[in-house]
Amino acid sequence: MDYSALATELLEKMHSLHSAKPQKDLDDSLRGEAFVLHCIAHYGGAVTPGQIGDVMNVSSARIAQTLNSIEKKGLITREIDVNDRRKVLVTLTPAGAKAAEEHLRTITELATKMLTLLGEEDAKEYVRITGKLADIFERESLCCN
């Protein structure tokens with residue numbers, strides 16, 4: 001098989017997909033303030049900026065900038081960890097929890113619409129292949145770092 005030609009075709013299709021508004025909306029939801037809120041909500045309580053940075057795979061400076069913006073909007077609070085004064089713990093305010101919930105609902109609805117357009121068989125196959133790639137990339141990063 002000519003994987004090089006297939007890769008070229010894949011890149012062209014990915015570019016087209018990335019330019020489409022629904023995909024752009026999904027991509028945007030996986031970074032920035034909305035994703036930080038979702039990440040904090042997912043941990044179900046207090047989380048350190050370092051944990052958020054690890055999940056998002058971004059620098060501590062970028063996390064600090066994003067947390068500053070979210071804090072100004074009243075969506076999070078930051079407090080010193082009483083058990084380890086070197087750590088800062090980030091928690092959602094009630095408004096932050098509501099924003100995280102609304103964000104999750106919105107992107108779930110968008111993903112549902114996209115998968116519905118594919119049809120049952122293709123939607124299942126798309127999710128299966130995406131999961132397989134995620135597993136491969138996770139395994140490769142673990143063995144190669």
Side-chain angles (χ1 to χ4, degrees), residues 3 7-145:
Y3 283 104
T8 299
E9 182 180 354
L10 174 65
L11 293 172
E12 290 170 359
K13 302 290 184 190
M14 287 177 69
H15 175 68
S16 295
L17 184 62
H18 184 72
S19 300
K21 180 161 178 21
Q23 183 65 41
K24 184 177 179 336
D25 291 346
L26 277 177
D27 289 346
D28 290 348
S29 73
L30 296 174
R31 62 182 148 242
E33 293 181 6
F35 188 76
V36 170
L37 292 175
H38 175 72
C39 180
I40 298 166
H42 178 75
Y43 274 99
V47 60
T48 66
Q51 289 171 307
I52 298 168
D54 289 345
V55 170
M56 294 183 70
N57 198 26
V58 296
S59 70
S60 59
R62 179 71 184 126
I63 291 299
Q65 181 182 20
T66 304
L67 291 176
N68 287 338
S69 176
I70 297 172
E71 188 173 36
K72 285 178 187 173
K73 295 175 183 176
L75 301 176
I76 62 163
T77 59
R78 288 189 271 192
E79 298 175 5
I80 302 293
D81 184 345
V82 294
N83 297 320
D84 184 348
R85 299 198 53 78
R86 296 169 296 170
K87 290 183 182 177
V88 173
L89 298 176
V90 181
T91 56
L92 294 175
T93 64
K98 183 178 178 186
E101 211 173 279
E102 289 172 6
H103 171 257
L104 180 59
R105 185 173 44 256
T106 299
I107 64 168
T108 300
E109 287 172 3
L110 180 58
T112 300
K113 287 177 187 176
M114 290 174 59
L115 292 171
T116 300
L117 291 171
L118 282 175
E120 183 178 352
E121 187 177 323
D122 287 342
K124 286 179 179 179
E125 189 67 2
Y126 180 74
V127 172
R128 184 191 70 76
I129 291 170
T130 301
K132 185 173 183 175
L133 280 172
D135 291 345
I136 290 168
F137 293 154
E138 183 178 339
R139 214 174 30 246
E140 290 298 314
S141 69
L142 289 176
C143 74
C144 301
N145 282 339

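Positions are given from 1, in the same order as the sequence printed here.
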Does atom CG (N57) have a neighbourhood of more than 12 heavy atoms from anything else shown, all under 6.0 Å? no
I need the H42 NE2 to H38 NE2 distance, nearest 0.5 Å. 6.5 Å
Heavy-atom side-chain proximity of V47 to L89 below 4.5 angstrom: no
R86 CZ to D81 CG distance, which is reported to the nearest 0.5 Å: 10.0 Å
So which heavy atom on L118 is nearest to which on D122, and how close? O-CB, 3.5 Å
Please assess R128 against E125 for the test salt bridge (charged side-chain N to carboxylate O under 4.0 Å, His left out), listing each intermediate value before the final yes or no. CA-CA 5 Å; R128 184 191 70 76; E125 189 67 2; 2.7 Å; yes
Closest contact, heavy atoms only, P49 versus I63: O-CG2, 3.8 Å
Mark yes when over 12 heavy atoms from residues, nucleotides or ligands other than E102 sit less than 6.0 Å from its CD; otherwise mark no. yes
Criterion side chain to side chain contact (heavy atoms under 4.5 Å, CB included) on I52 and Y43, from CA distance to verdict: CA-CA 10 Å; I52 298 168; Y43 274 99; 5.8 Å; no
In the structure I gave you, are the side-chain heavy atoms of K132 and I136 within less than 4.5 Å of one another anywhere? yes
Considering all heavy atoms of both residues, which atom of A95 and which atom of G74 are nearest to each other, and what is their separation? CB-O, 4.1 Å
Check: M56 and C39 side chains under 4.5 Å, non-hydrogen atoms: no
Report the distance from atom NE2 of H103 to atom OG1 of T108, rounding to the nearest 0.5 Å. 9.0 Å
Tell me whether K113 is salt-bridged to E109, with the criterion being a basic N under 4.0 Å from an acidic carboxylate O. no
Let me see the working for T48 and V88 under side chain to side chain contact (heavy atoms under 4.5 Å, CB included), right down to the final yes or no. CA-CA 6 Å; T48 66; V88 173; over 6 Å; no
Identify the heavy atoms of L75 and A99 that sit nearest to each other, and give their distance. CD2-CB, 4.5 Å
State the CG-CG distance between L115 and L110, to the nearest 0.5 angstrom. 9.5 Å
Out of I40, T66, V36, T91, which residue meets the side-chain contact (heavy atoms from CB on, under 4.5 Å) rule with I76? I40
pair R78-L67: side-chain heavy atoms closer than 4.5 Å: yes
With a 4.5 Å cut-off on side-chain heavy atoms, are E12 and S16 touching? no
